[in-house]
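In what follows, a structure is listed as structure tokens, so that the remarks can point back to it.
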Amino acid sequence: MSGRPQVAEVAKPAPRRIALLGVGTVGRALLERLRALDDPRLPLGLVANSRRRLPLIGASSPRAWPDALAQGEPHDGSGALPGLAPGDIVVDATASAELAAWHPRWLRQGLHVVSANKLGLGGPLLRQHEIRALATDGRHYGDAATVGAGLPLLRTLRELRAGGDRIGAVVGVLSGTLAWLFDGYDGCEPFSARVRAAVAQGYAEPDPRVDLSGEDVCRKLLILARTAGYPLEQAEVRVDSLLTPALAAAAPDHVDAALAELDGPLAERAARTARDGKVLRYVARFDAAGARIGLEALPADDPLAVGRGCDNRVAIWSTRYRDRPLQIQGPGAGAEVTAAALLDDLLRIVAS
Ligand SMILES: NC(=O)C1=CN([C@@H]2O[C@H](COP(=O)(O)OP(=O)(O)OC[C@H]3O[C@@H](n4cnc5c(N)ncnc54)[C@H](OP(=O)(O)O)[C@@H]3O)[C@@H](O)[C@H]2O)C=CC1
Ligand SMILES: N[C@@H](CC=O)C(=O)O
């Protein structure tokens, strides 16, 4: 017998499994990142779209998943996910309202949630309160991808408040799609062609009207405002939509044709703005007096006008940034940055 003390074998906890819901622009890019990272702490347990699901036993993003998913089990698109256990992580890379309502339920089941879907925290205020209340005692809710596609906006607001700051106001360009559409737009080219290009770039929502109506920006503004200590409901935000009534009412398979409705009015507005030496930006803002969102003509050297491409740019006034705001700028849409933000949240959870 050796003189070494006898140590009882401690069973290693099973690694958390990831259930990825949504394998479109963002979900696919996340699968690529997971495969490249090949971290044994991040095995996939399930991949699903709205029609099929594929249970994967401990695999890390197999190359052949698209074919395998096409042959997978039928899936009804709901948040009832077989085979998951407390400690596993659900990644919501969809824009589904139905799944957003599952976020608090998943947390109650002891699952962690990582979301690119803004309807969890940017939907009804009550749901946001529920999620925040449930994401405690070791249960995590990753929200980095929901605003600014991972730019350090929510994190900064939390840190400012944790340090005793009161947030006075937030003003910014919060849509990557709309930033890209208005960057350099002088009215010479059909606006509808630019919208199609933004969809092809992977910046737009599954239905681009959600960007053009200001709805996507409104969800982000609500998430920012609530994180900043302003418990706003959607009805309290004044939103100026870019949609024409016909485009708003178009059936989903007629949206593409109806986009031409935008060409005349927006070309005229852009040309007038350019003649005045200004640029158009879709700006969102809130402070103690209220919240509003809409297209503004800004001087070309305005701090909110300097971003390029799909950049978001946000100015934050707080107790310590009273005279000149803290400003955060960078790409605010796109598969790569968004997937990276989801992965950052996943890594924070497995490291906790
Ligand atoms: N694109 C971007 O730059 C950014 C996007 N986001 C957010 O990421 C989310 C996804 O966006 P994106 O990847 O561009 O969208 P896509 O339309 O490219 O992909 C959506 C995916 O979700 C799936 N899906 C829809 N409903 C369900 C459901 N009920 N259950 C399971 N899967 C479902 C779709 O499956 P099917 O094909 O079967 O319909 C599809 O695979 C959105 O909430 C968006 O706001 C956030 C930051 C940036
Ligand atoms: N459609 C959104 C995607 C990121 O949230 C945008 O354009 O900003």
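In listed order, ligands and their atoms are each counted from 1.
Proximity to E205 (heavy-atom distance under 4.0 Å) selects the following atoms of ligand 2: 1 (N), 2 (C), 3 (C). Atoms of ligand 2 lying under 4.0 Å from any heavy atom of A204, numbered from 1 in the order shown and given with element: 1 (N). Heavy-atom proximity to G332, at under 4.0 Å, picks out these atoms of ligand 2: 4 (C), 8 (O). Within ligand 1, the atoms closer than 4.0 Å to a non-hydrogen atom of G334 are 2 (C), 3 (O), numbered from 1 in the order shown. Near G22, meaning under 4.0 Å from one of its heavy atoms, ligand 1 places the atoms 21 (C), 22 (O), 23 (C), 32 (N), 41 (O). Near A145, meaning under 4.0 Å from any of its heavy atoms, are these atoms of ligand 1: 46 (C), 47 (C). Near L99, with a cut-off below 4.0 Å to any heavy atom, the atoms of ligand 1 are 28 (C), 29 (N), 30 (N). Near G176, the atoms of ligand 2 lying under 4.0 angstrom from a non-hydrogen atom of the residue are 6 (C), 7 (O), 8 (O). Set against the non-hydrogen atoms of E205, the atoms of ligand 1 under 4.0 Å away are 42 (C), 44 (C), 45 (O). Close approach of ligand 2 to D211 (heavy-atom distance below 4.0 Å) involves ligand atoms 1 (N), 2 (C), 6 (C), 7 (O).
Residues D183 and V279 fail the side-chain proximity criterion, which asks for heavy atoms closer than 4.5 Å. The shortest side-chain heavy-atom distance between Y321 and Q327 does not fall under the 4.5 Å cut-off. Counting heavy atoms from C-beta on, the side chains of L242 and L178 come closer than 4.5 Å. The shortest distance between side-chain heavy atoms of I131 and L134 does not fall below 4.5 Å. Contact check for N49 versus H75: no side-chain heavy atoms found under the 4.5 Å cut-off. The side-chain heavy atoms of R53 and V47, taken from C-beta on, include no pair separated by under 4.5 Å.
With respect to E73 and R52, no salt bridge is recorded, no charged nitrogen being found less than 4.0 Å from a carboxylate O. Look at D287 and R292 and you find no salt bridge, because none of the NZ, NE, NH1 or NH2 atoms lies under 4.0 Å from a carboxylate O. Under a 4.0 Å N-O distance rule, the pair K278/D276 does not qualify as a salt bridge.
Judged purely by distance below 3.5 Å, without hydrogens or angles, the side chains of D92 and S115 never pair a donor atom with an acceptor atom.
When only non-hydrogen protein atoms are considered, atom 41 (O) of ligand 1 lies nearest to V23 N, 3.0 Å. Atom 5 (O) of ligand 2 has its closest protein heavy atom at K118 NZ, 2.7 Å. Looking only at protein heavy atoms, the nearest one to atom 7 (O) of ligand 2 is T177 OG1, 2.6 Å. Counting protein heavy atoms only, atom 15 (O) of ligand 1 is closest to P206 CG, 3.6 Å. The closest protein non-hydrogen atom to atom 19 (O) of ligand 1 is G24 CA, 3.3 Å. Among all protein heavy atoms, the one lying closest to atom 26 (N) of ligand 1 is S50 CB, 3.8 Å. Among all protein heavy atoms, the one lying closest to atom 7 (C) of ligand 1 is A116 O, 3.2 Å. Nearest protein neighbour of atom 42 (C) of ligand 1, counting heavy atoms only, is T94 O, 3.4 Å. Closest protein heavy atom to atom 18 (O) of ligand 1: T25 N, 2.9 Å. The protein non-hydrogen atom at the shortest distance from atom 48 (C) of ligand 1 is T338 OG1, 3.0 Å.
The nearest non-hydrogen atom to atom 10 (C) of ligand 1, considering only A19, G77, A93, comes from A93. The option from L30, L21, N49 that lies nearest to atom 31 (C) of ligand 1, judged by heavy atoms, is N49.
Counting heavy atoms under 4.0 Å from ligand 1, residue E98 does not touch it at all. Counting heavy atoms under 4.0 Å from ligand 1, residue V337 does not touch it at all. Residue-level proximity to ligand 1 for V26 is carried by backbone and side chain together, each with a heavy atom below 4.0 angstrom. Neither the backbone nor the side chain of T146 comes within 4.0 Å of ligand 2, counting heavy atoms alone.
For E130, the CD atom is densely surrounded, since the number of other residues' heavy atoms within 6.0 Å is greater than 12.
Under the 3.5 Å distance criterion, the side-chain polar atoms of R209 are matched with a main-chain donor or acceptor of A250.
Taking a 4.0 Å cut-off on heavy atoms, A149 fails to register as neighbouring ligand 2.
Taking only nitrogen or oxygen atoms, main chain and side chain alike, G202 reaches within less than 3.5 Å of ligand 1. Where the criterion is an N or O separation shorter than 3.5 Å, residue side chain and backbone included, G332 fails it with respect to ligand 1. Considering backbone and side-chain atoms together, H75 places no N or O closer than 3.5 Å to any N or O of ligand 1. No N or O atom of S78 sits closer than 3.5 Å to an N or O atom of ligand 1. By the 3.5 Å distance cut-off applied to N or O atoms, A333 is not counted among the residues near ligand 1. For a threshold of 3.5 Å applied to N or O pairs, the pair formed by R51 and ligand 1 contains at least one separation below that value.
Less than 6.0 angstrom separates the ring centroid of F191 from the ring centroid of Y185. Between Y141 and H103, a ring centre-to-centre spacing shorter than 6.0 Å is recorded.
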So E205 and K118, salt bridge (Lys or Arg N to Asp or Glu O under 4.0 Å) or not? Walk me through it. CA-CA 11 Å; E205 292 304 294; K118 296 142 203 160; 3.1 Å; yes
The test is salt bridge (Lys or Arg N to Asp or Glu O under 4.0 Å); show your working for R348 and D345 and say whether it passes. CA-CA 5 Å; R348 274 189 276 273; D345 276 339; 3.0 Å; yes
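Taking both residues in full, the closest heavy atoms of A145 and L342 are given as CB-CD2, 3.8 Å, listed atom of the first, atom of the second, then distance.
Residues L160 and L154 fall within the same hydrophobic cluster, defined by Ile, Leu, Val, Met, Phe, Trp and Tyr side chains chained together at heavy-atom separations under 4.5 Å. Under the 4.5 Å side-chain heavy-atom criterion for grouping Ile, Leu, Val, Met, Phe, Trp and Tyr, V171 is not connected to L153 through any hydrophobic cluster.
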